Number of protein chains: 2
Amino acid sequence: MSKTMEKGLQLLDLFTEEKHSWTLDEISTHAEMPKPTAYRMLRSLVNVGFLQRTLLEKNGKIIESDNYVLGLKLLQLGGRVASALEIREIAFPYMKQLQSEINEAVQLVTRDNENGIYIEKVESTRPVRLYTRIGRQAPLYAGACTRTLLSYLPDDEITEILKNPIKNYASHTPKTVEDVWALIHKTRQEGFAYSHSELEEGTVSIATPIFNHRGEVQYSISIAGFPVSLPIENVKKFVVPLWKVASIISKKLGYNDPYPYGDNITKIS
Amino acid sequence: MSKTMEKGLQLLDLFTEEKHSWTLDEISTHAEMPKPTAYRMLRSLVNVGFLQRTLLEKNGKIIESDNYVLGLKLLQLGGRVASALEIREIAFPYMKQLQSEINEAVQLVTRDNENGIYIEKVESTRPVRLYTRIGRQAPLYAGACTRTLLSYLPDDEITEILKNPIKNYASHTPKTVEDVWALIHKTRQEGFAYSHSELEEGTVSIATPIFNHRGEVQYSISIAGFPVSLPIENVKKFVVPLWKVASIISKKLGYNDPYPYGDNITKIS
DNA sequence: TAAGAGATTTCATTATTTGAAACGCGATTT
DNA sequence: AAATCGCGTTTCAAATAATGAAATCTCTTA
């Protein structure tokens, strides 16, 4: 529709965790865009606060360098997205509660097309703790939280999503489409997902599905930490409170069926 | 530079906390943009994930409604901005430490042109607690944290900023430019700012300046909560640890002079 | 001091954006 | 059931903005 805008906004995707600072030349090369075109678009993105040029000290004077980084405007807009998500208000108290019972990081994830995205977190207070970030993206096939989202999609949609290449993030990242399907079936049957070193080496997470009023799994909630505190042998100890919380949140989202796992714990609370 | 893009991105500013959902017609009217133009821009913003159309249930079928809201892409990009801010990594452990000593919300703010913006927070664990949001904006003249940023700017820059109208947020929001200047002088002299019901009725915050390697106050750190736990009479009890933390963070940012308040506490720690 | 690297500007050409008007379509009214 | 209304969407010729090769500027480096 508006080619110019779409082209310009694609440039923001270059700014990742791994490389958060770019020069005009790099951008022009990488985006295969003539330099003057890239130049003008970058300027506009700076004008609206989506990018900013880093500051540089030059014999006492402070000047703008030729390096662009993401601007604070995006932080602001990101915050507004977050605050508009009703689920966060609903889920946050329960996430806090889980965290205080278990003292591990608790995370809430939803799906954005072919990726999971972390929309809320509560941190553990342990001295060594896992740090995830709101807004972080992860593929649907790796990690307990995201795989939970994947597992409850219709089969044909899963098939479609799994046509994308499977990247290897850590030692236990599933390697093939078959691996992923096996894990999906396991998740569906057990009602939770467990992951160990799938997205990040040495981290573990346990996730359960949250259903919306249409009975779709729109969110998943997980506990994440390290193998010492979350060993697979003890998994039930963590899954049961997760089911409990997931079932309450599901109900608050308008899910009317009994939560299908954990012996319909909803009634207890 | 790129008129089209700038015009299109301005539309995102309509999506605020107060009104986070807009129809084409509303946008066209509000932005004074012909409907087909707005239409095409909105479509493009949806294409890149900056906006999304809310879903609607229509006799069993799920369709896209004509309401636009901010998209998850912005959450993602916002997270990336945050992670690129070196200060957060530096400050976060000390913020945690403050929080565990005092058990009130701790916040880190920086300036984005004429506004303050919250870039990190640690929450209190009290049952009733203040909730601020990363990415939240606040004017520089109201609230302890932002006023601290304002107070250490050069006078002419302050004068410039105070040419903007002063809005009234709560019962103790400063009303006039003179009010603000009086508070600025107080802040400069005392080395901290105290606010009570300036931005939000019934909340209190206490803030101290963080200096960068150029000796500018680039950030401020604050404790925020309610009057019962943060009474003005006890302010020193909170200011001293804030100075201590602010001085350590300043040093880590390359500030080489002794921190000018709290009897140069840096040496103690 | 010259050469090099990268950012900016120029300007004629080309492609995109523009918006009034028409159309489509479901909801509401007659 | 037909007519009307309210909005979203499409059309299309005119107007505008984007484009990019080449020139220029501005530091940095040899």
Side-chain angles (χ1 to χ4, degrees), chain A residues 1-15 19-71 84 214, chain B residues 1-15 19-71 84 214:
Chain A
M1 302 258 91
S2 173
K3 285 204 181 185
T4 312
M5 191 154 66
E6 294 189 24
K7 223 187 311 173
L9 294 179
Q10 312 280 11
L11 294 180
L12 296 175
D13 288 329
L14 292 170
F15 296 78
K19 178 157 177 56
H20 68 261
S21 172
W22 291 78
T23 65
L24 169 60
D25 223 46
E26 291 171 333
I27 288 171
S28 159
T29 308
H30 242 81
E32 297 175 29
M33 193 182 274
K35 218 155 43 144
T37 303
Y39 174 72
R40 284 180 292 240
M41 292 190 152
L42 291 175
R43 293 288 287 241
S44 285
L45 289 168
V46 169
N47 284 345
V48 295
F50 278 46
L51 291 178
Q52 50 194 51
R53 307 180 76 164
T54 55
L55 297 178
L56 203 70
E57 200 154 357
K58 261 299 263 295
N59 30 295
K61 308 251 167 185
I62 294 145
I63 55 158
E64 293 197 327
S65 79
D66 290 334
N67 283 88
Y68 296 87
V69 296
L70 294 177
R214 293 196 292 272
Chain B
M1 302 258 88
S2 173
K3 285 202 182 186
T4 313
M5 191 154 65
E6 294 189 24
K7 222 187 312 174
L9 293 180
Q10 313 281 10
L11 294 181
L12 296 175
D13 288 329
L14 291 171
F15 296 77
K19 177 159 178 57
H20 69 262
S21 172
W22 291 77
T23 64
L24 169 59
D25 222 45
E26 292 171 333
I27 288 171
S28 160
T29 307
H30 242 81
E32 297 176 28
M33 194 182 272
K35 220 158 39 146
T37 304
Y39 174 73
R40 285 180 293 240
M41 292 192 152
L42 292 175
R43 294 287 289 239
S44 283
L45 289 168
V46 169
N47 284 344
V48 295
F50 278 46
L51 291 178
Q52 49 194 52
R53 307 179 76 165
T54 54
L55 298 178
L56 203 71
E57 202 153 356
K58 255 312 256 294
N59 30 297
K61 307 252 167 186
I62 294 147
I63 56 159
E64 293 197 325
S65 79
D66 290 333
N67 282 88
Y68 296 88
V69 296
L70 294 177
R214 292 195 294 270

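Note that these values count all heavy atoms, side chains included, but never hydrogens, waters or copies made by symmetry. Residue numbers start from 1 in every chain, and the chains themselves are labelled A, B, ... in the order their sequence lines are given, proteins ahead of strands. None of the values given here were measured: they were computed from a predicted structure.
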Trainee: Determine all donor-acceptor pairs shorter than 3.5 Å in which one atom belongs to a side chain in residues 29-39 of chain B; sequence neighbours excluded.
Mentor:
residue : atom : partner : partner atom : Å
B:Thr29 : OG1  : B:Asp25 : O            : 2.8
B:Tyr39 : OH   : B:Arg43 : NH1          : 2.8

Trainee: For nucleotides 12-14 of chain C, list the nitrogen or oxygen atoms of the protein found under 3.5 Å from its nitrogen or oxygen atoms, one pair per line.
Mentor:
none

Trainee: So which protein N/O to nucleotides 6-8 of chain D N/O distances come out below 3.5 Å?
Mentor:
residue : atom : partner : partner atom : Å
D:dG8   : OP2  : B:Asp25 : N            : 3.0
D:dG8   : N7   : B:Lys35 : NZ           : 2.9

Trainee: Could you check A:Met41 against A:Thr4 for side-chain contact (heavy atoms from CB on, under 4.5 Å), going step by step and ending with a plain yes or no?
Mentor: CA-CA 9 Å; A:Met41 292 190 152; A:Thr4 312; 3.8 Å; yes
Trainee: Report all side-chain donor-acceptor pairs from residues 7-14 of chain B shorter than 3.5 Å, counting only partners two or more places apart or in another chain.
Mentor:
residue : atom : partner : partner atom : Å
B:Asp13 : OD1  : A:Lys73 : NZ           : 2.9
B:Asp13 : OD2  : A:Lys73 : NZ           : 3.4

Trainee: List the steps and the verdict of side-chain contact (heavy atoms from CB on, under 4.5 Å) for A:Leu70 and A:His20.
Mentor: CA-CA 7 Å; A:Leu70 294 177; A:His20 68 261; over 6 Å; no
Trainee: Whole angstrom is fine here: how far is it from CG in B:Leu42 over to P in D:dT10?
Mentor: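 Distance check: B:Leu42 CG to D:dT10 P gives 14 Å.
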Trainee: Please answer whether the main-chain N or O of B:Ser65 pairs with a side-chain N or O of B:Thr54 as donor and acceptor at a distance below 3.5 Å.
Mentor: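 It does not hold such a pair.
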Trainee: Hey, could you give me the CG/CH2 distance between A:Asn67 and A:Trp22, rounded to the nearest 0.5 Å?
Mentor: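 A:Asn67 CG to A:Trp22 CH2: 11.5 Å, rounded to 0.5 Å.
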Trainee: Send over the distance from A:Glu64 CD to D:dC27 P, rounded to a whole Å.
Mentor: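 It is 14 Å, rounded to the nearest whole Å.
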Trainee: Identify all pairs in which a protein N or O lies below 3.5 Å from an N or O of nucleotides 16-19 of chain C, and state each distance.
Mentor:
residue : atom : partner : partner atom : Å
C:dT16  : OP1  : A:Lys3  : NZ           : 2.9
C:dT16  : O3'  : A:Thr4  : OG1          : 3.4
C:dT17  : OP1  : A:Ser2  : OG           : 3.3
C:dT17  : OP1  : A:Lys3  : N            : 2.9
C:dT17  : OP1  : A:Thr4  : N            : 2.9
C:dT17  : OP1  : A:Thr4  : OG1          : 2.9
C:dT17  : OP2  : A:Met1  : O            : 3.2
C:dT17  : OP2  : A:Lys3  : N            : 3.4
C:dT18  : OP1  : B:Lys7  : NZ           : 2.4
C:dG19  : OP2  : B:Thr37 : OG1          : 3.1
C:dG19  : N7   : B:Arg40 : NH2          : 2.8
C:dG19  : O6   : B:Arg40 : NH1          : 3.0

Trainee: Is any side-chain heavy atom of B:Leu55 closer than 4.5 Å to one of A:Arg214?
Mentor: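 Yes. Closest side-chain heavy atoms under 4.5 Å.
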Trainee: Mind checking what makes side chain to side chain donor-acceptor pair (under 3.5 Å) contact with A:Ser2, not counting sequence neighbours?
Mentor: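 Partners of A:Ser2 by the side chain to side chain donor-acceptor pair (under 3.5 Å) criterion come out as none, since no residue qualifies.
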Trainee: Please name all residues satisfying side chain to side chain donor-acceptor pair (under 3.5 Å) with A:Arg53, sequence neighbours left out, ordered by chain then number.
Mentor: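 By the side chain to side chain donor-acceptor pair (under 3.5 Å) rule, A:Arg53 matches A:Asp66.
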Trainee: Could you list all N or O pairs between the protein and nucleotides 23-25 of chain C that sit under 3.5 Å apart?
Mentor:
none

Trainee: Using side chain to side chain donor-acceptor pair (under 3.5 Å) as the criterion, list what pairs up with B:Glu6, not counting sequence neighbours.
Mentor: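 B:Glu6 satisfies side chain to side chain donor-acceptor pair (under 3.5 Å) with A:Ser44, A:Asn47 only.
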Trainee: Rounded to the nearest 0.5 Å, what separation is found between the CG atom of B:Leu51 and the OH atom of B:Tyr68?
Mentor: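 Rounded to the nearest 0.5 Å, the CG-OH separation comes out at 8.0 Å.
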Trainee: Considering the terminal five base pairs at each end of the helix from C:dT1-D:dA30 to C:dT30-D:dA1, what angle separates the two local helix axes, rounded to 10°?
Mentor: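 The angle separating the two end axes equals 30°.
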Trainee: If we ignore hydrogens and angles and just use 3.5 Å, is the side chain of B:Lys19 paired with the main-chain N or O of B:Ser21 as donor and acceptor?
Mentor: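 Side chain of B:Lys19 to backbone of B:Ser21, a donor-acceptor pair under 3.5 Å: yes, one is there.
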